[in-house]
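Data block below; observations after.
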Amino acid sequence: MRFSSAVIFASLLVVPSVVAQANLTLPDAAQQEEKGIDPERLRQHVKTLASDEFEGRAPGQPGGEKAAKYIAAQFKAAGLEPAGDHGTYFQQVPMVGVKTDPSTTFVLVPERGEPLKLTFGTDYVANNQTHTPIAEIDAPLVFVGHGIVAPEYGWDDYKGVDVKGKVAVVIVNEPTSDDPKFFNGKSMTYYGRWTYKFEEAGRHGAVACLIVHRTDLASYGWQVVQNSWSGEHSYLRDDPDTKLKAASWITHDVADKLFATVSMTTDEAITAAGKRGFVAKPLPVRLKAHVITKVHEFEAANVVGKITGAKPGRTVLYTAHYDHFGIDRTRKGDPVFHGAADNATGTAIVMEMARAFGQKKIQPPSTVIFAAVTAEEQGLLGSQYLGMHPPVPAKDISLDINYDELLPLGDVTGVGAGGAQRTTAYPILEALAAHDNLTLRKGGVDAGGGYYRSDHFSLARVGIPAFSLGQGGMFVGHDEAWGREQSRDFGQNKYHTPADVYSDSMDFTGNAHMARFGFELGWIVMSQPERMEWLPGDEFEAARKGQ
């Protein structure tokens, strides 16, 4: 999807004042429900979901199905009403699973010199989005900068070049800037996301797209790309935005060899692509590829339950993805991608919050929906489908509160909510954080485009105000540097690897704290006389108005 304007983090001075109407103290019965949220129940859920028994919870695989049934059983035990298909807790998401066979061949053939045969995983990764068992490519390469068409910024990397039937070579991320009016300054817009790159290349008729990886621009190393693309990848069935025979990433080293054919380094090409006046440049190289793909159609389930509230139209949606990467039996050592922190933690919070609301000591002010979604790791597919097919009309959902990857490191002194300041919910969030003696970290520079990498984004795309809640990197007994170091260590050594495992040393006190905070926030939002909105000029405002 292409958006019409940059992310706008507007001043609170233009936010309608809702704090004066917000009673930050919940009714006694609701407080009793909230206080019942138990860190040890969270522990048990995470330990269970991250166990070998659940086989990494891959969509369409036995472990993923087992996880969905486990979550549904918890929703039923909590007394939630089914909110899925045909009176069940399961919203079936139609998908196509594709897995690139390692015998796939990628060869870069220059006009002069020897062909360069690439090694799958080490040099490149690729998926065939046309969902055919075999795809043949023999096409010239064209360097199209960042691969962005953004008329609101006066930017068109495809201007004056025809890539139909060719291979688009693009840079990850977007042009760098300190100007908030130009690609949102140092914070990434959706134009910088890899999903957008493939979508735009497909819209221009390219047969393949090669994204050039560089760790600082991607905000993660090649290992993350390699692990994320080594197994089966899923797509929504009949998604019009998936058209490429090879949606691919290549390493920085491979890119250096490509750009050497035009007497440039990769870094020089990246610098040139970030300047106004950049012109797409054909490369004297062809890609000859034989892409072998195992293809199968399947369904994986979002698990959805609800509690009907007193008044319609102010529904709060709680979301978290339960899927992970399954099993890779070709790996040495542990083959299971356990996904303990990412994202058994968020799923556990949604289940425990459902249990708390499900006590029904008091009817909530409006309907509450709980959704554990699938295929987040495949490109937010489960939440995308949920946004396209919400259990109640999108116009009646006031706010989506998402939980994703909350490291179990003990109690917290802060709360993070990047993107919340784009919504009219922010003054409530700010006041509630102060009321609960938590330091609010709204998120500043979002250079890695984190806002666009979790399930709340799928709800935002259809207009629903949405953001994720987290600890903000602030933990009891530690300074912020310690929190940053824990996050860095997880990102470098455990994120999207089999090392993301459950440990008895984990402390879920802070996770429970974040669940209670989300409970309070949801209750207060449901109590407001008006639904939450995007601030004027935000990129999602038009979708909200169109509901």
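One is the number of the first residue; the rest follow in order along the sequence.
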Verify, without hydrogens or angle tests, whether R57 (side chain) and A68 (backbone) share a donor-acceptor contact under 3.5 angstrom.
no
R531 and Q528: CA distance, side-chain angles, deciding distance, side-chain hydrogen bond (donor to acceptor under 3.5 Å, both in side chains) verdict
CA-CA 7 Å; R531 71 178 188 180; Q528 297 308 297; over 6 Å; no
Donor-acceptor pair, side chain of E34 and main chain of A356, under 3.5 angstrom:
no
Step by step, would you call Y70 with Y322 a ring pair (Phe, Tyr, Trp, His ring centres under 6.0 Å)?
CA-CA 11 Å; Y70 175 82; Y322 70 88; over 10 Å; no
Quick one: which of E377, H233, Q223, H496 gives a side chain to side chain donor-acceptor pair (under 3.5 Å) with S228?
H496
N/O donor-acceptor pair under 3.5 Å between Q91 side chain and A83 backbone
no
Ignoring hydrogens, what is the shortest heavy-atom contact between K311 and S366? Give both atom names and the distance.
O-OG, 2.6 Å
Less than 4.5 Å apart, any side-chain heavy atom of F325 and any of S230?
no
Counting only heavy atoms not in K545 (residues, nucleotides, ligands), do more than 12 fall under 6.0 Å from its NZ?
no
Taking all non-hydrogen atoms of both residues into account, name the closest pair between L469 and L406 and its distance.
O-CD2, 4.1 Å
The reported gap from CG in L49 to CD1 in I71 (rounded to nearest 0.5 angstrom) is 6.0 Å
Tell me whether W194 contacts the main-chain N or O of V172 through its side chain, where contact means a donor paired with an acceptor under 3.5 Å.
no
Trace of the side-chain hydrogen bond (donor to acceptor under 3.5 Å, both in side chains) decision for T319 with D400:
CA-CA 7 Å; T319 54; D400 168 57; 2.9 Å; yes
Expected output: side-chain D342 to main-chain E405 donor-acceptor under 3.5 Å
no
Looking at Q471, M506, R516, which hits side chain to side chain contact (heavy atoms under 4.5 Å, CB included) with N511?
Q471
What closest approach, in Å, do A417 and L429 show between heavy atoms, and which atom pair accounts for it?
CB-CD2, 3.4 Å
Is it the case that the ring center of Y452 lies less than 6.0 angstrom away from the ring center of Y196?
no
Hey, which of D411, L409, T413 is the one that makes side chain to side chain contact (heavy atoms under 4.5 Å, CB included) with F475?
L409
Got a donor-acceptor contact below 3.5 angstrom from the R422 side chain to the P465 backbone?
no
So, the side chain of D436 versus the backbone of L438: is there a donor-acceptor pair under 3.5 Å, distance only?
no
Heavy-atom pair with the smallest gap, counting every atom of A72 and F90
CB-CZ, 3.6 Å
Atom CG in L80, atom NZ in K306: separation rounded to 0.5 Å?
10.5 Å
Identify, with sequence neighbours excluded, every residue that meets side chain to side chain donor-acceptor pair (under 3.5 Å) alongside Y502.
R43, D504
Check whether any side-chain heavy atom of M474 sits under 4.5 Å from a side-chain heavy atom of R441, and report yes or no.
yes
Would you find a donor on one side and an acceptor on the other, under 3.5 Å apart, between the side chain of K494 and the backbone of A341?
no
Could you give me the CA-CA distance, side-chain angles and deciding distance for Y190 and F457, then say whether ring pair (Phe, Tyr, Trp, His ring centres under 6.0 Å) is met?
CA-CA 10 Å; Y190 186 56; F457 171 54; 5.0 Å; yes
I want to check something: taking the side chain as every heavy atom from C-beta on, are T345 and P408 in contact at a cut-off of under 4.5 Å?
yes
Answer whether the closest heavy-atom distance between the side chains of V412 and F517 falls below 4.5 Å.
no
T315 side, atom OG1; K395 side, atom NZ - distance, nearest 0.5 Å:
10.0 Å
Donor-acceptor pair, distance only, cut-off 3.5 Å: does the side chain of S398 make one with the backbone of M532?
yes
Hey, what's the ring geometry for F183 with Y191, parallel, tilted or perpendicular (30° and 60° as the breaks)?
perpendicular
Look at atom CZ of R488 and say whether more than 12 heavy atoms of other residues, nucleotides or ligands are closer to it than 6.0 Å.
yes
Between T308 (side chain only) and T367 (backbone N and O only), is there a donor and an acceptor less than 3.5 Å apart?
no
Side chains of residues 379-394: which donor-acceptor pairs under 3.5 Å do they make with residues two or more places apart or in other chains?
residue, atom, partner, partner atom, Å
S383, OG, L380, O, 3.1
S383, OG, D455, OD1, 2.6
S383, OG, S458, OG, 2.8

